[in-house]
There are 4 protein chains.
Amino acid sequence: MVTVDKPRRRSEKSRAAIFAATRELALERGFDKLTIEAVAAKAGVGKQTIYRWWPSRAVLVADVLLEDFGSMDLTVPDTGDLTADLIGWSRALARSLTTGDFSTSLRILTASAMEDAHTAQRLHATFGEPIHTSIRTRLEADGGLDAITAHAAADAIVGGVVYPILNQGNDYRPARAELLTRIILDGVRKP
Amino acid sequence: MVTVDKPRRRSEKSRAAIFAATRELALERGFDKLTIEAVAAKAGVGKQTIYRWWPSRAVLVADVLLEDFGSMDLTVPDTGDLTADLIGWSRALARSLTTGDFSTSLRILTASAMEDAHTAQRLHATFGEPIHTSIRTRLEADGGLDAITAHAAADAIVGGVVYPILNQGNDYRPARAELLTRIILDGVRKP
Amino acid sequence: MVTVDKPRRRSEKSRAAIFAATRELALERGFDKLTIEAVAAKAGVGKQTIYRWWPSRAVLVADVLLEDFGSMDLTVPDTGDLTADLIGWSRALARSLTTGDFSTSLRILTASAMEDAHTAQRLHATFGEPIHTSIRTRLEADGGLDAITAHAAADAIVGGVVYPILNQGNDYRPARAELLTRIILDGVRKP
Amino acid sequence: MVTVDKPRRRSEKSRAAIFAATRELALERGFDKLTIEAVAAKAGVGKQTIYRWWPSRAVLVADVLLEDFGSMDLTVPDTGDLTADLIGWSRALARSLTTGDFSTSLRILTASAMEDAHTAQRLHATFGEPIHTSIRTRLEADGGLDAITAHAAADAIVGGVVYPILNQGNDYRPARAELLTRIILDGVRKP
DNA sequence: AAGTAAGCGAGACGGTACGTCCAGTCTTGGT
DNA sequence: ACCAAGACTGGACGTACCGTCTCGCTTACTT
């Protein structure tokens with residue numbers, strides 16, 4: 001029989017208030033102007049309650065912002081038409097990443113990941129890896145590609161969309177993602 | 001006739017010491033553990049001398065680390081063989097970005113760019129834009145591509161190489177860049 | 001008939017453990033480094049159990065340390081020889097107050113009394129007043145002094161012994177108390 | 001030639017503001033409710049400026065409050081009449097110690113001295129020792145007493161006045177000091 | 001003997017203050 | 001005139017305890 005981790009009586013109300021305060025402050029002020037004191041004050045919570053459950057600001061912010069990415073549907077839809085599915089999906093990805101809080105969250109998480117290996121790993125596990133896998137497996141299944149080629153194609157699509165968005169922000173247009181996806185699909189399907 | 005910016009009476013010795021100290025500290029401790037006081041102490045310089053010439057830590061670090069990227073040769077070589085040139089170039093890029101200080105510098109600058117628009121613009125102007133243009137113009141010139149397609153292809157190559165390196169660090173292998181480049185060239189050249 | 005305070009259902013084991021822990025910590029670390037959390041931990045008791053029965057740290061410490069003074073015999077012995085009795089008694093007082101825990105306790109209680117009127121009153125009632133009365137009544141009874149003179153003489157003996165001990169600590173020698181007592185007795189008995 | 005301690009450029013304005021704030025807060029709230037943060041805020045000073053020059057709250061408070069005692073005239077006047085001089089002096093001492101800020105300061109310093117050896121030594125050097133010496137030397141010079149007897153008599157007068165004041169506060173009346181002084185002088189002068 | 005409520009240990013909670021680090025500004029003295 | 005040195009105000013850090021507040025568990029007193 002398995003013993004569950006001690007749940008250690010923890011106030012759900014405080015946890016939720018800390019999450020909400022952190023999300024708000026991170027999105028409106030950015031990561032490096034986010035202070036634990038401000039979060040505590042906004043959440044109506046003692047600082048120690050934050051330090052009791054999170055080891056560092058980086059982990060707190062990652063916990064909060066990754067929640068959104070975790071609940072995002074990153075899988076390529078399957079209507080039977082590989083090209084249409086991938087194009088639609090890449091446009092949707094571009095639209096998500098240039099819209100509202102996802103945009104800001106992604107930049108904050110990327111910044112944090114550059115300096116903290118643990119955040120890097122979590123961001124990858126929650127965002128980079130799922131989208132990569134999603135394309136890769138679809139390309140293998142329906143495009144008849146071998147694993148290595150599918151991997152490289154996925155690199156190109158993911159990086160080709162995400163990297164310009166990180167660099168140029170919300171000016172990125174979905175049409176740019178569509179064109180890129182077409183080129184890669186053309187390159188990958190020997191006619 | 002253009003008058004060069006008045007250099008005022010500025011101590012070149014101090015400037016160089018500050019650059020050296022900043023580079024060393026940034027590379028060994030990371031951006032957010034880099035303090036102006038530590039730089040001043042290591043450079044044997046008063047804090048005011050730093051504040052006199054740089055408005056913020058972000059700008060100082062960008063000045064210092066971008067120097068390296070500025071002196072990097074990012075242009076695609078031209079041997080006449082487009083495919084060979086691009087493949088060689090993408091491998092070289094991958095190799096540079098996973099080696100030594102470039103790797104660390106790129107991560108620091110990217111992190112800084114995520115939070116600071118000015119750094120973002122400078123990084124783009126010094127790194128992202130030149131490599132993108134370099135590929136794009138070559139594809140237009142020798143591949144016979146139209147501007148829009150060449151732009152999308154450049155997105156795919158640059159993002160496809162740089163984004164995984166940012167995420168997975170120095171495990172990235174040049175062969176991965178080569179395969180990706182081949183796919184895109186295949187997709188872009190109507191056979 | 002007086003009804004004693006309901007003792008409620010109070011754990012004698014906990015009370016004793018708290019007393020012991022408080023005494024040990026007070027004597028070894030001093031009053032202002034004594035924390036309720038440390039007492040609770042050392043006594044193996046919840047903090048609430050302390051707060052349930054004592055309103056403040058000052059009261060707890062006073063309760064604990066005054067116990068010792070309460071059990072001290074502070075009355076002047078009566079062998080019929082007033083001079084010998086008072087001298088012996090003042091030497092004994094000096095010896096007690098410079099020995100072992102009494103010394104430390106007296107300093108802690110005095111410090112606490114300086115800042116807290118309630119402790120001041122209790123220390124006075126348990127220590128200052130009894131020794132003062134003890135001398136005063138003896139001087140009135142056997143020395144034939146009027147109340148006012150006896151009071152002043154008691155001031156001189158008590159203050160003359162206790163004050164230097166508080167100030168100079170355990171270097172005080174009983175001979176000093178003896179000489180002082182002799183002088184006062186001389187001054188008080190018009191021959 | 002002696003080199004004076006480096007005076008280390010220090011802001012006199014800040015020093016004075018810290019002194020004033022500390023004195024006010026100590027006298028109105030007592031030692032243990034005095035916080036460094038409150039002093040800094042009231043003085044309009046960064047906390048670091050306090051920590052830069054004083055190692056602890058106890059030392060700061062001692063510095064500030066002892067200033068008053070240092071400027072107090074504690075010497076026994078000399079009109080030629082030993083009895084009148086000592087009586088007047090003891091009444092004046094009682095009056096000072098039961099009046100205004102001296103009363104509060106003495107209690108705070110005494111409390112602090114009980115827990116901190118360094119403060120104890122300074123309080124003794126600034127207050128206890130000078131008054132003791134003042135009486136003692138006068139008794140030796142004009143009363144014809146030997147050193148040991150004069151020492152004991154000084155113990156009696158100082159302790160006999162100060163100790164009740166510490167214990168019973170401002171209810172102490174100068175007449176009580178006068179009577180006590182008379183008794184001791186009587187005891188000390190062989191008629 | 002069972003039921004119940006007070007006392008208990010544990011420790012999370014909102015807070016206050018600690019003593020430290022650094023930011024960015026200001027001042028002094030030396031070269 | 002510029003610079004190194006470093007003191008200044010101020011904000012945030014992460015820690016220690018405060019006194020209050022549940023939470024289940026144990027225990028002694030009903031009835």
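Chain letters run A, B, ... following the sequence lines, proteins first and then strands; every chain starts at 1.
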*Asks:* Between B:R122 and B:A113, is there a donor-acceptor pair closer than 3.5 Å when you use the side chain of the first and the backbone of the second?
*Replies:*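 Flag not set: sc B:R122 to bb B:A113 has no pair under 3.5 Å.
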
*Asks:* With a 3.5 Å cut-off and heavy atoms only, can you find an N or O donor on one side and an acceptor on the other between the side chain of B:K47 and the base of E:dG24?
*Replies:*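 Pair found.
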
*Asks:* Ignoring hydrogens and angles, tell me if any N or O in the side chain of C:T22 forms a donor-acceptor pair with the backbone of C:I18 under 3.5 Å.
*Replies:*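 It does hold such a pair.
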
*Asks:* Given 3.5 Å as the limit, does a donor-acceptor pair link the side chain of C:S71 with the main chain of C:D68, or not?
*Replies:*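 Such a contact is found between C:S71 side chain and C:D68 backbone.
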
*Asks:* Given E:dG7, is OP1 or OP2 found less than 4.0 Å from the side-chain N or O atoms of C:R52?
*Replies:*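 No, outside the criterion.
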
*Asks:* Looking at every heavy atom in both B:I108 and B:G30, which two are closest together, and how far apart are they?
*Replies:*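 That would be CD1-CA, 4.4 Å.
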
*Asks:* Taking B:T110 for the side chain and B:L106 for the main chain, is one N or O donor matched with an acceptor at less than 3.5 Å?
*Replies:*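 It does hold such a pair.
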
*Asks:* Where the side chain of C:R57 meets the backbone of C:T35, is there a donor-acceptor pair that is under 3.5 Å apart?
*Replies:*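 Absent.
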
*Asks:* Without decimals, in angstroms, what is the distance between B:Y51 OH and F:dA5 C1'?
*Replies:*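 About 15 Å, once rounded to whole Å.
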
*Asks:* Of the nucleotides E:dG9, F:dC8, E:dC8, which one has an atom closest to the side chain of C:V45?
*Replies:*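 Nearest to the side chain of C:V45 among the choices is E:dG9.
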
*Asks:* Give the rounded distance in Å between these two atoms: CD1 of C:I50 and P of E:dG11.
*Replies:*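 It is 15 Å, rounded to the nearest whole Å.
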
*Asks:* Starting at NZ of B:K42 and ending at P of F:dA4, how long is that distance when rounded to a whole Å?
*Replies:*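 So the NZ-P distance, B:K42 to F:dA4, works out to 17 Å.
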
*Asks:* Check for a donor-acceptor pair, side chain of C:E115 on one end and backbone N or O of D:A111 on the other, with a separation under 3.5 Å.
*Replies:*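 A pair under 3.5 Å: no.
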
*Asks:* If I take atom NZ in residue D:K13 and atom P in nucleotide F:dA7, what distance separates them, rounded to the nearest angstrom?
*Replies:*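 So the two atoms are 17 Å apart, to the nearest Å.
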
*Asks:* Just N and O in the side chain of B:T35: are any of them under 4.0 Å from OP1 or OP2 of E:dC21?
*Replies:*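 No, no such contact exists.
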
*Asks:* Mapping C:K33 and D:E12 onto DNA chain F by nearest heavy atom, which one lands closer to the 5' end?
*Replies:*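 Between the two, 5'-proximity favours D:E12.
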
*Asks:* Just the rounded figure in Å: distance from C1' of E:dT16 to CZ of D:R29.
*Replies:*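 Going from CZ in D:R29 over to C1' in E:dT16 covers 12 Å.
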
*Asks:* Can you give me the bend angle of the helix from E:dA1-F:dT31 to E:dT31-F:dA1? Use the axis through the first five pairs and the one through the last five, nearest 10 degrees.
*Replies:*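 Rounded value for the end-axis angle: 10°.
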
*Asks:* Give a yes/no on whether any side-chain N or O of D:W53 is located under 4.0 angstrom from OP1 or OP2 of F:dC8.
*Replies:*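 Yes.
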
*Asks:* Heavy-atom nearest nucleotide on DNA chain F for D:G44 versus C:A38: which residue maps closer to 5'?
*Replies:*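 Counting from the 5' end, the first nearest nucleotide belongs to D:G44.
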
*Asks:* Hey, which sits more toward the 5' end of DNA chain E by its nearest nucleotide, D:L34 or A:Q48?
*Replies:*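 Looking at the nearest nucleotide for each, A:Q48 comes out on the 5' side.
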
*Asks:* Ring-plane angle category for B:F127 and B:F69, please: parallel below 30°, perpendicular beyond 60°, tilted otherwise.
*Replies:*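 Judged by the thresholds at 30° and 60°, the geometry between B:F127 and B:F69 is perpendicular.
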
*Asks:* Let me know, please, whether C:T49 or B:E37 comes out on the 5' side of the other along DNA chain E by nearest nucleotide.
*Replies:*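 Nearest nucleotide further toward 5': that of C:T49.
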
*Asks:* Please find the pair of heavy atoms, one from A:A21 and one from A:V39, that lie closest to each other, and give the distance.
*Replies:*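 Closest approach of A:A21 to A:V39, heavy atoms only: CB-O, 3.8 Å.
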
*Asks:* Look at B:D101 together with B:R23 and state whether they make a salt bridge at an N to O cut-off of under 4.0 Å.
*Replies:*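 Salt bridge flag = no for B:R23 with B:D101.
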
*Asks:* Using a 4.0 Å cut-off on protein heavy atoms (strictly under), produce a 5'-to-3' string for nucleotides 24-29 of chain F with B for base contact, S for backbone-only sugar-phosphate contact, and - for none.
*Replies:* ---BSS

*Asks:* Quickly work out the B:I36 CD1 to E:dG24 C1' distance and round it to whole Å.
*Replies:*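 Atom CD1 in B:I36 sits about 9 Å away from atom C1' in E:dG24.
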
*Asks:* How many Å lie between CD1 on D:I18 and C1' on F:dG10, as a whole number?
*Replies:*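 My rounded result for the distance is 14 Å.
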
*Asks:* What is the separation between atom CG on D:D32 and atom P on E:dT16, rounded to the nearest whole Å?
*Replies:*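 In whole Å, E:dT16 P and D:D32 CG are 18 Å from each other.
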
